[in-house]
Novice: 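Sharing a structure below in structure tokens format, with a few things to ask.
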Number of protein chains: 2
Amino acid sequence: MIRVLIVDDHEVVRHGLRFVLDQEDGVEVVGDCASGERALAVIPVLRPDVVLLDMVMPGLDGLAVLRRLNDAPEAGRPAVIVLTSFLDDDRVVRAVRLGALSYLPKTTAVDRVVEAVRAAAVGGSVLEPGVAALLVERVRRGDPRRPLDLLTPREREVLAELARGRSNSEISRALRMGRETVKTHVSSILAKLGLSDRTQAAIFGLQQGLVPLDEALDG
Amino acid sequence: MIRVLIVDDHEVVRHGLRFVLDQEDGVEVVGDCASGERALAVIPVLRPDVVLLDMVMPGLDGLAVLRRLNDAPEAGRPAVIVLTSFLDDDRVVRAVRLGALSYLPKTTAVDRVVEAVRAAAVGGSVLEPGVAALLVERVRRGDPRRPLDLLTPREREVLAELARGRSNSEISRALRMGRETVKTHVSSILAKLGLSDRTQAAIFGLQQGLVPLDEALDG
DNA sequence: AAACCCCTCCCTCCACAGAGGGAGGGACAA
DNA sequence: TTGTCCCTCCCTCTGTGGAGGGAGGGGTTT
């Protein structure tokens, strides 16, 4: 029996998946929950073999849950299949890097989902064409990690300022624009890069070499 | 003749300073420019004795220019007077440490500026009361170079988590303590290191090698 | 023309962050 | 013992940060 946990903030999705999976032989949905927090709470109890994890959720999102699971790398760590409404370019890579086995758009046919669950239970992956294309494209460009070109020039400037440790007001002065505009740019940077706050953006900017580490903080 | 270069991204400021300084005997403004990049380009050519340097500029800012000047410590290195709109606590100390002779708020009376220029030409300093107070306070506290050993073991642990880009809640889980306790630690870290927010703390932690740069953000 | 992207700025709403202050318990040293 | 420092957690209060909208102008492509 493959024990499955469903994590999604949409009730319809939870019920739909449960319905589909419960009809499958050898598959048992042991629970479902609507938030990342709940998921982390119930996983140690329910001990699922496979977690179907929605990427976009209020509170702890899919990436955060994945990260958290990696933090406590116990033996019984479940396999994770990521579900998402969007083919969000960057999150695919991040999720994969964080150990997600499959990454399925919610438009995926149900039997592909089942397929992915069975594969995940034995450590295998199922990739939808769209996702595969994204990953292949990354590899083809010889670039597992430089989503910097997702950003517009102005956004890159803002990111560089973030990497220097500057606040929105400081950035607005440095780059000669309104504080509100800075916030707009910061928000799109976070969205495009799949990060959750400015600190992560700063670190990312440093990793990309946008600012030499020893020049950040005006140090 | 004291050869002066003016570096400020505000045209009004450049013109104003030039006007004032050109009226002075023995002082000659040999040029002005609007960016740090330009400044670094023209300094070897114009060979100014004194550079009036704005702190806040797009691109290379004042501190970056200072650092760059120190990198190439030629004999003809000009004396630098830092100008700024804000009495930014931390930048004062950094600028001084990087070799700025005087640090003047832009509210400074013009004859004080002239005074500072004449002083700088012979290696002297002019300090406004506000700036002086800041520096004295630093020295009084023993002006530590913000070393990690100011921090307690627990604070260093928290700082390492900050450098990974984690939120307070995530840290509280990772280190098994209350969210409030994390906030307490973060606050004392910022206070002890003279930083203004968690992003700067994260950068500092990375600079100190508390976490390898490529391991931050979960790799 | 229409569609699209980028940059700019505006708004509301809510959560987190950080300051400031209090407080208890444990370890250790004078 | 008293004092000091560390760790823990509590509280209130204010500012920033970030989400999620909308909107106008400029640029390019189709």
Side-chain angles (χ1 to χ4, degrees), chain A residues 9 35-37 55-64 85-86 88-89 91 148-205, chain B residues 58 86 88-90 148-205:
Chain A
D9 57 330
S35 74
E37 290 84 352
M55 192 89 304
V56 183
M57 288 185 295
L60 283 186
D61 64 9
L63 285 174
S85 316
F86 321 96
D88 184 344
D89 19 48
R91 286 207 188 135
L148 263 192
D149 30 298
L150 277 178
L151 303 183
T152 68
R154 203 53 167 159
E155 285 164 354
R156 274 191 290 272
E157 290 187 78
V158 172
L159 181 54
E161 294 297 319
L162 285 176
R164 294 193 155 86
R166 303 218 207 281
S167 70
N168 286 342
S169 306
E170 290 175 315
I171 296 174
S172 76
R173 282 189 291 264
L175 299 186
R176 313 257 132 220
M177 58 179 151
R179 211 181 90 100
E180 298 302 321
T181 309
V182 178
K183 294 181 72 172
T184 302
H185 287 312
V186 171
S187 285
S188 23
I189 290 171
L190 296 181
K192 286 184 179 177
L193 300 183
L195 304 170
S196 55
D197 56 56
R198 67 191 303 103
T199 301
Q200 297 192 347
I203 294 171
F204 180 78
Chain B
F86 321 93
D88 185 344
D89 22 48
D90 227 54
L148 281 182
D149 33 290
L150 274 180
L151 303 183
T152 67
R154 204 55 167 156
E155 285 163 355
R156 274 191 290 272
E157 291 186 77
V158 172
L159 181 55
E161 293 299 317
L162 286 176
R164 294 194 155 86
R166 304 223 204 281
S167 71
N168 286 342
S169 308
E170 290 173 316
I171 296 174
S172 75
R173 279 188 289 268
L175 299 185
R176 321 244 144 205
M177 57 181 153
R179 211 180 89 101
E180 299 301 321
T181 309
V182 178
K183 294 181 72 174
T184 302
H185 287 312
V186 171
S187 285
S188 20
I189 290 170
L190 297 181
K192 287 184 179 176
L193 301 182
L195 304 169
S196 55
D197 55 55
R198 66 193 301 106
T199 302
Q200 297 193 346
I203 295 171
F204 179 76

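Lettering follows sequence order; numbering is per chain, from 1. When reading the values below, keep in mind they use all heavy atoms of this one structure, side chains included, and skip hydrogens, waters and symmetry mates.
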Novice: Categorize B/Ser169 for me: base, sugar-phosphate, or nothing, with a 4.0 angstrom heavy-atom threshold over every strand shown.
Specialist: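 Here B/Ser169 touches no strand at all.
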Novice: So with a 6.0 Å cut-off around CZ of A/Arg176, is the heavy-atom count from everything else above 12?
Specialist: yes
Novice: Using atom CD1 of A/Ile171 as one end and atom C1' of D/dT16 as the other, report the distance to the nearest whole Å.
Specialist: 12 Å
Novice: To the nearest angstrom, how far is A/Lys192 atom NZ from D/dA19 atom P?
Specialist: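 It is 14 Å, rounded to the nearest whole Å.
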Novice: How close or far is atom P of D/dA19 from atom CG of A/Asn168, stated in whole angstroms?
Specialist: 11 Å
Novice: Nearest whole angstrom, please: distance from the P of D/dG15 to the CZ of A/Arg179.
Specialist: 11 Å
Novice: Using modelled atom types and a 3.5 Å cut-off, is there a donor and acceptor pairing between side-chain atoms of A/Arg156 and backbone atoms of A/Leu148?
Specialist: yes
Novice: Among B/Ile189, B/Leu159, B/Asn168, find the residue that satisfies the side chain to side chain contact (heavy atoms under 4.5 Å, CB included) test when tested with B/Arg198.
Specialist: B/Asn168
Novice: Can you measure from CZ (A/Phe204) to CG (A/Leu195) and round to the nearest 0.5 angstrom?
Specialist: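 Output value for this atom pair is 6.5 Å.
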Novice: If you measure from CD on A/Glu161 to NE2 on A/His185, what distance do you get to the nearest 0.5 Å?
Specialist: 12.0 Å
Novice: Looking only at non-hydrogen atoms, find the nearest pair between A/Ala201 and A/Leu190 and report the distance.
Specialist: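 Result for this residue pair: CB-CD2, 4.0 Å.
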Novice: Mind checking A/Thr181 for me? I need base, sugar-phosphate or nothing, with any heavy atom below 4.0 Å counting as a touch.
Specialist: base
Novice: Expressed in angstrom and rounded to an integer, what is the separation of B/Arg154 atom CZ from D/dC5 atom C1'?
Specialist: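 That distance rounds to 16 Å.
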Novice: So which protein nitrogen or oxygen atoms get under 3.5 Å of nucleotides 11-14 of chain D's nitrogens or oxygens?
Specialist:
none

Novice: Between B/Glu170 and B/Arg166, is there a donor-acceptor pair closer than 3.5 Å when you use the side chain of the first and the backbone of the second?
Specialist: no
Novice: Taking atom C1' of D/dC6 as reference, at what distance in whole Å does atom CD1 of B/Ile189 sit?
Specialist: 14 Å
Novice: If only atom types and distance count, is the side chain of B/Glu155 paired as donor or acceptor with the main-chain N or O of B/Leu151 below 3.5 Å?
Specialist: no
Novice: Within the structure, does a side-chain N or O atom of B/Thr152 lie under 4.0 Å from either OP1 or OP2 of D/dC6?
Specialist: no
Novice: From B/Leu162 CG over to A/Ile203 CD1, what is the distance, rounded to the nearest 0.5 angstrom?
Specialist: 8.5 Å
Novice: First and last nucleotide of DNA chain C in contact with chain B, 5' to 3', at under 4.0 Å to a heavy atom: what are they?
Specialist: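 Using the under 4.0 Å cut-off, the span is C/dA17 to C/dA19.
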Novice: For B/Thr184 and for B/Leu190, locate the closest nucleotide of DNA chain C by heavy-atom distance; then report the residue assigned to the nucleotide nearer the 5' terminus.
Specialist: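 Its nearest nucleotide lies further toward 5', so the answer is B/Leu190.
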